[in-house]
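Chain identifiers are assigned alphabetically (A, B, ...) following the order of the sequence lines, protein sequences preceding nucleic acid strands; residue numbering begins at 1 within each chain.
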Protein chains: 2
Amino acid sequence: MTSKPHPAHYTIRELAERFDVTSRTLRYYEQEGLLSPKREGAKRLYSQADKARLELILRGKRVGFSLEDIKDMLDVELLNAGSNRDGLEKSIARFEERIGVLKRQRADIDKAITELSNGKRWLEERLADREPPEDLKRRARAFEALAQARLTQWETGVGD
Amino acid sequence: MTSKPHPAHYTIRELAERFDVTSRTLRYYEQEGLLSPKREGAKRLYSQADKARLELILRGKRVGFSLEDIKDMLDVELLNAGSNRDGLEKSIARFEERIGVLKRQRADIDKAITELSNGKRWLEERLADREPPEDLKRRARAFEALAQARLTQWETGVGD
DNA sequence: AGACAAGTTGACGTGAACGTCAACGTAAAT
DNA sequence: ATTTACGTTGACGTTCACGTCAACTTGTCT
């Protein structure tokens, strides 16, 4: 049990390199209230908890949340410390909203993957039966036509 | 067969409203080479194909691609008109890369959904057994601890 | 002591993706 | 003929999320 699994705290560079961001970024996050590392004199010391928060922050970013959004989500504890019943319900509603956003986004991504896979297949076919450029031109329009066809299908659900 | 399923072309406002963007946005996309509607005099006329492209553009944006990325993807036909074998393979590689990005992003989203669902559940529990604020404070730390625990697990895979 | 790396705080700069505003054209309605 | 609605092209402003640079302190190695 005397093993030392992790350093217990990191310098700004260590954390920055580990997560492939710059130190400027970490200071900026602190300035925006997303991180609040301890200080040893003037120097910042990042704890495991800070590291965990950073991971959440970065994932939040990757999935498209703004820093302000992320701050709200991470500060949920503080938010509901200040407010009671009413604030709690509001917080819950916001969480549900975010979850909804993510689910829609997931659907978008699935569609995009399909598009790109189709595009890739199209390219691969071009590569396979390398035809004369004249024919290529004619076939090129098939791509847009395809996209349009897909769109037209959804359209029935959207209403015209 | 004399039915008129859709207008065949749209004004800038019609398209903007339908997709909930401003006309400025559409002009900007044109300026950046993402759209190229016909002109009737000075006015823009958007065809079905333009509409289809716009849909693709907007989804591309929603899943996090930059306009330049999107342009590249949509212009793939032109790209490979200029280049032959070599260009084709490069294009295919780029498509694969983008697909990879999206898949990673989808994984991120799934994780984020899990996080938020946990956060929501935590809030709901708070709401259910409304405890005295003192106890609340102690429990509040559970949230970060939880995040940290999850992080620690991954850590084994990342290496220290 | 001197050099050097790594940290700090301002302050200003930057790129993407538009917003906003001015000045103007055009087409239909009153 | 004038208003109203909608369109056009610049040109400049704005927000976010940092990048960059200067001037400085602090610790460490030689």
Side-chain angles (χ1 to χ4, degrees), chain A residues 7-47 50-51 53-75 98 101 105 108, chain B residues 7 9-47 50-51 53-75 98 101 105 108 112:
Chain A
H9 59 263
Y10 306 84
T11 132
I12 195 170
R13 271 293 152 89
E14 287 168 354
L15 209 59
E17 283 175 10
R18 174 175 286 269
F19 288 98
D20 196 36
V21 296
T22 69
S23 44
R24 174 67 173 98
T25 300
L26 296 183
R27 290 194 205 98
Y28 179 68
Y29 289 172
E30 181 174 353
Q31 175 186 322
E32 296 301 304
L34 287 155
L35 289 175
S36 30
K38 294 270 165 67
R39 297 298 184 107
E40 185 188 51
K43 296 182 177 173
R44 291 163 173 84
L45 287 185
Y46 294 87
S47 69
D50 292 323
K51 185 180 162 191
R53 278 180 79 93
L54 179 57
E55 170 69 31
L56 293 178
I57 292 166
L58 294 178
R59 180 161 52 245
K61 278 208 52 188
R62 287 198 299 268
V63 303
F65 288 125
S66 73
L67 291 185
E68 201 180 337
D69 281 341
I70 295 169
K71 182 179 151 74
D72 287 350
M73 299 192 294
L74 291 178
D75 283 357
R98 322 261 197 197
V101 168
Q105 206 160 337
D108 269 337
Chain B
H9 59 265
Y10 306 84
T11 136
I12 194 171
R13 270 292 151 89
E14 286 167 354
L15 209 59
E17 284 176 9
R18 174 176 288 268
F19 289 98
D20 196 35
V21 296
T22 68
S23 44
R24 174 67 173 99
T25 299
L26 296 183
R27 290 194 204 99
Y28 179 67
Y29 289 171
E30 181 174 353
Q31 176 186 321
E32 296 301 304
L34 287 155
L35 289 174
S36 30
K38 295 269 166 67
R39 297 297 185 108
E40 186 187 52
K43 296 180 179 172
R44 291 162 173 85
L45 286 185
Y46 295 87
S47 69
D50 291 323
K51 184 179 161 191
R53 279 181 78 94
L54 179 56
E55 170 69 30
L56 293 178
I57 292 167
L58 294 179
R59 181 162 50 245
K61 279 207 54 190
R62 287 197 300 266
V63 303
F65 288 125
S66 73
L67 292 184
E68 201 180 337
D69 281 340
I70 295 169
K71 183 178 151 76
D72 287 350
M73 299 191 294
L74 291 177
D75 284 358
R98 321 258 198 199
V101 169
Q105 206 160 340
D108 269 337

Next item on the list: Using a 4.0 Å cut-off on protein heavy atoms (strictly under), produce a 5'-to-3' string for nucleotides 5-24 of chain D with B for base contact, S for backbone-only sugar-phosphate contact, and - for none.
Entry: --SBB-------BBBB----

Item checked: Between D:dG27 (P) and A:Leu45 (CG): distance, integer Å -> 13 Å

Item checked: Non-neighbouring partners of B:Arg24 that pass side-chain hydrogen bond (donor to acceptor under 3.5 Å, both in side chains), sequence neighbours left out -> none

Next item on the list: State which residues pass side-chain contact (heavy atoms from CB on, under 4.5 Å) with B:Ser66; sequence neighbours excluded, sorted by chain then number.
Entry: B:Glu68, B:Asp69

Next item on the list: List in chain and number order the residues that pass side-chain hydrogen bond (donor to acceptor under 3.5 Å, both in side chains) with A:Ser47, two or more places apart in sequence or in another chain; answer none if no residue qualifies.
Entry: A:Asp50

Margin query: Listing request: all salt bridge (charged side-chain N to carboxylate O under 4.0 Å, His left out) pairs with a residue in residues 27-36 of chain A, at least two apart in sequence or in separate chains.
Written below: A:Glu30-A:Arg39, A:Glu30-A:Arg44

Item checked: Partner residues of B:Thr25 under the side-chain hydrogen bond (donor to acceptor under 3.5 Å, both in side chains) criterion, sequence neighbours left out -> B:Thr22

Next item on the list: Round to a whole Å and report the spacing from CG of B:Asp69 to P of C:dG15.
Entry: 17 Å

